Novice: 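Structure provided below as structure tokens; questions to follow.
These numbers come from a predicted model, not from an experiment.
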Amino acid sequence: MFNVENVRLAGADIELPRMIPIEQRFAAAAVEDLEAAIRDQVSEHDRANPVAGKRIAITAGSRGVARIDRIVATLVDALAGCGAKPFVVPAMGSHGGGTAEGQRQVLAEYGITEETVGAPVVSSMDTVVVAELPDGTPVHFDAEAAQADGVVVLGRVKPHTDFRGTHESGLAKMIAIGLGKHRGATILHTHGFEAFNRLIPAVAEAVLDVVPIEFGMAVVENAYEHVARIELVPTEKLLAREAELLVEAKRLMPKLLVSDIDVLVVDEIGKDISGAGMDPNITGRAPVNADKFKAVPIKRIVVLGLTEHTNGNACGLGMADVTTQRCVDQIEFGSFYTNSLTSGVPDGARIPMALANDRDAIIAALHMSRGTEDRPARVVRIRNTLSMPRIEVSEAYAQEVADHPDMVALGEPHDWDFDATGTLPPLPADH
């Protein structure tokens, strides 16, 4: 185990800078009455396309979508109120360890169970081939959803963490990867992420031609993890409208407003935060297509731990420079490696230098970020790459914060709050 004393013996004289709590301000428009918005749109759809008597599958994914439990429960209630027979299917590719029970457990941790949403949760890894692409690639689809009279594709539209295209994370990907389950996701990933910009919409289009997709329900979030838009998208407009919503999602997403960073401290990463554990749209670091992610320059990244909902899946940890023994101890290697094997990208599954505790990890990163310039350390700390409005920055940014129209200091500079073991309490969540 690397010991921070070795850094000092090597000639580094590291002092942790005092930190200032600040607020980054972003566009904050949000849907005021989420349940009413869903009910109204489902009722309008039903008037034109009656759902009475239909057995309808509703997709639920593995991402930490804002109020996902209430969205699913309201969809169930609204459809049932129109005479349909809704049920929920996990649509998360290989997540949850690539098992039916693991995927059911992921949904339960988001508050999605038969008791909470009022409908069966039908979890299976079985698929059927519903189409074939021109190159011969089979299109797999959840066998339970394929037997339904209709499928409601619920998903959050946002930039993806591994590729750029007209359709990234959203409804098309939910159809192609999420409902493709482990087998379908594995087959599509063999093409490589560089093919996803054309592959995802092509697979979705093939499915739309043969599977009775009832409608899409697109969620767009703002930087505060609130629902900025929830929109029922008719099947015939699904791909075209999603491309437009992606533009909106990119405009609304959070970012780091400060200039160059010596050390970025990330309290937690997880699959519920980002498909990449920590979003490369924020950090600029990605295991593939890294040149497509432009962000503030960061010399070193420290990851302190994993989220509870990631269930030990440390995907993306390999993009950090330093971590902690605490973080390594949280890893459940079954789900961690299953995810990386499915995607065919080993880089995110690598384990960086693991230090004894949070304090040692941060000091080590500061030591490795030192250049020839004699300037105060520029350190930024975030809870995760979703919780971006309230962060902490070192005193070196004090004037930059004061001069920026969208940053404001929330308190005085303070020392780091390590406990006796050198561990930090996590920053508060923004919601």
Novice: So which atom in Ile331 and which in Ala314 form the shortest heavy-atom distance, rounded to 0.1 Å?
Specialist: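 Of all heavy-atom pairs spanning Ile331 and Ala314, the closest is CG1-CB, 3.8 Å.
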Novice: Does any part of the side chain of Leu107, heavy atoms only, come nearer than 4.5 Å to the side chain of Val121, both counted from C-beta?
Specialist: yes
Novice: Quick one, Leu424 and Ile362 - any side-chain contact, counting heavy atoms below 4.5 Å?
Specialist: yes
Novice: Is Arg55 reaching over with its side chain to a backbone N or O of Asp149, donor-acceptor style, under 3.5 angstrom?
Specialist: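 No; judged by distance alone, with no hydrogens or angles, the pair does not exist.
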Novice: According to salt bridge (charged side-chain N to carboxylate O under 4.0 Å, His left out), does anything in residues 87-99 pair up with another residue at least two apart or in another chain? List the pairs.
Specialist: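 Pairs touching residues 87-99 that pass the test: none.
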Novice: Please list, one pair per line, the donor and acceptor atoms closer than 3.5 Å that link side chains of residues 75-90 to other protein atoms, with sequence neighbours excluded.
Specialist:
from, atom 1, to, atom 2, distance (Å)
Asp77, OD2, Arg39, NH1, 2.6
Asp77, OD2, Arg39, NH2, 3.1

Novice: Locate the shortest heavy-atom distance separating Ala295 from Thr283; write the atom from each residue and the value.
Specialist: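 Ala295 and Thr283 have their closest heavy atoms at CB-C, 3.9 Å.
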Novice: Under 3.5 Å, is there a donor on one side chain and an acceptor on the other for His404 and Gln24?
Specialist: no
Novice: Measure from the side-chain N and O atoms of Thr324 to the backbone N and O of Leu304, and report whether any donor-acceptor pair falls under 3.5 Å.
Specialist: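 Judged by distance alone, yes, a pair lies under 3.5 Å.
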Novice: For Phe196, which residues count as a ring-ring contact (aromatic ring centres under 6.0 Å, His included) partner, sequence neighbours excluded?
Specialist: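 Scan of Phe196 (ring-ring contact (aromatic ring centres under 6.0 Å, His included), adjacent residues dropped) gives Phe163, His189, Phe193.
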Novice: Using modelled atom types and a 3.5 Å cut-off, is there a donor and acceptor pairing between side-chain atoms of Glu242 and backbone atoms of Ala172?
Specialist: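 Checked: pair present.
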Novice: With sequence neighbours left out, write down each residue that passes salt bridge (Lys or Arg N to Asp or Glu O under 4.0 Å) with Asp262, or none if nothing qualifies.
Specialist: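 Result, salt bridge (Lys or Arg N to Asp or Glu O under 4.0 Å) vs Asp262: Lys299, Arg375.
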Novice: Looking only at heavy atoms, what is the nearest atom pair of Gly155 and Leu171, with distance?
Specialist: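 In terms of heavy atoms, the two residues are closest at N-CD2, 3.7 Å.
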Novice: I'd like to check the side-chain hydrogen bond (donor to acceptor under 3.5 Å, both in side chains) partners of Ser43; sequence neighbours left out, ordered by chain and number.
Specialist: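 Testing Ser43 for side-chain hydrogen bond (donor to acceptor under 3.5 Å, both in side chains), a comparison that skips the adjacent residues, returns none.
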Novice: Answer yes or no: is there an ion pair linking Arg156 with Glu221, defined by an N-O contact shorter than 4.0 Å?
Specialist: yes
Novice: Taking ring-ring contact (aromatic ring centres under 6.0 Å, His included) as the definition, give me every residue that meets it alongside His182, ordered by chain and number, with sequence neighbours left out.
Specialist: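 ring-ring contact (aromatic ring centres under 6.0 Å, His included) check on His182 returns nothing, list empty.
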Novice: What closest approach, in Å, do Pro212 and Ala148 show between heavy atoms, and which atom pair accounts for it?
Specialist: CG-O, 4.0 Å
Novice: Return the set of residues passing side-chain hydrogen bond (donor to acceptor under 3.5 Å, both in side chains) with Glu392 (not counting sequence neighbours), or none when no residue passes.
Specialist: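 By the side-chain hydrogen bond (donor to acceptor under 3.5 Å, both in side chains) rule, Glu392 matches His414.
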Novice: Is there side-chain contact between Val322 and Arg300, with heavy atoms separated by less than 4.5 Å?
Specialist: no
Novice: Flag the pair Ile71 / Thr74 as yes when at least one side-chain heavy-atom distance between them is below 4.5 Å, and no otherwise.
Specialist: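 They are not in side-chain contact.
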Novice: Report yes if the side chains of Ile391 and Glu23 come closer than 4.5 Å at any heavy-atom pair, otherwise no.
Specialist: no
Novice: Tell me the closest heavy-atom pair linking Pro159 and Glu168, and the distance in Å.
Specialist: CA-OE1, 3.2 Å
Novice: For the residue pair Asn311 and Gln105, confirm or rule out a side-chain donor-acceptor distance under 3.5 Å.
Specialist: no
Novice: For the residue pair Glu101 and Ser123, confirm or rule out a side-chain donor-acceptor distance under 3.5 Å.
Specialist: no
Novice: Can you see whether Asp272 engages Thr310 through a side-chain donor-acceptor pair at a distance of less than 3.5 angstrom?
Specialist: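 No, no side-chain donor-acceptor contact under 3.5 Å.
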Novice: Identify the two heavy atoms, one from Thr323 and one from Cys327, that lie closest to each other, and give their separation to 0.1 Å.
Specialist: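 The answer is OG1-CB, 3.3 Å.
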Novice: Quick one, Tyr397 and Ile261 - any side-chain contact, counting heavy atoms below 4.5 Å?
Specialist: yes
Novice: Can you spot which of Asp358, Thr423, Asn357 makes a side-chain hydrogen bond (donor to acceptor under 3.5 Å, both in side chains) with Arg326?
Specialist: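 So the option named by the test is Asp358.
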Novice: If we only count heavy atoms from C-beta on, is the Arg229 to Val219 side-chain gap below 4.5 Å?
Specialist: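 Counting from C-beta outward, Arg229 and Val219 never come under 4.5 Å.
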Novice: Just so I know, are the side chains of Ile230 and Gln41 near enough to count as touching, which here means a heavy-atom distance under 4.5 Å?
Specialist: yes
Novice: Quick one: which residue pairs count as a ring-ring contact (aromatic ring centres under 6.0 Å, His included) with a foot in residues 105-128, not counting sequence neighbours?
Specialist: Tyr110-His309
Novice: Looking just at side-chain N and O atoms, do Ser387 and Glu225 make a donor-acceptor pair shorter than 3.5 Å?
Specialist: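 Judged by distance alone, the side chains do pair up.
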Novice: Using a distance-only test with no angle check, is there a side-chain donor-acceptor pair under 3.5 angstrom linking Ser94 and Arg183?
Specialist: no
Novice: Listed by chain and number, what are the side-chain hydrogen bond (donor to acceptor under 3.5 Å, both in side chains) partners of Gln103, not counting sequence neighbours?
Specialist: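 Here the qualifying residues are Lys181.
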Novice: If only atom types and distance count, is the side chain of His191 paired as donor or acceptor with the main-chain N or O of Leu199 below 3.5 Å?
Specialist: no
Novice: Ring-plane angle category for His226 and Tyr224, please: parallel below 30°, perpendicular beyond 60°, tilted otherwise.
Specialist: parallel
Novice: So, using salt bridge (Lys or Arg N to Asp or Glu O under 4.0 Å) as the criterion, who are the partners of Glu114 when residues are at least two apart?
Specialist: none
Novice: For Phe26, check ring-ring contact (aromatic ring centres under 6.0 Å, His included) against everything at least two apart and list the hits.
Specialist: none
Novice: Suppose we screen for side-chain hydrogen bond (donor to acceptor under 3.5 Å, both in side chains). Which residues come up paired with Gln147, at least two apart in sequence or across chains?
Specialist: none
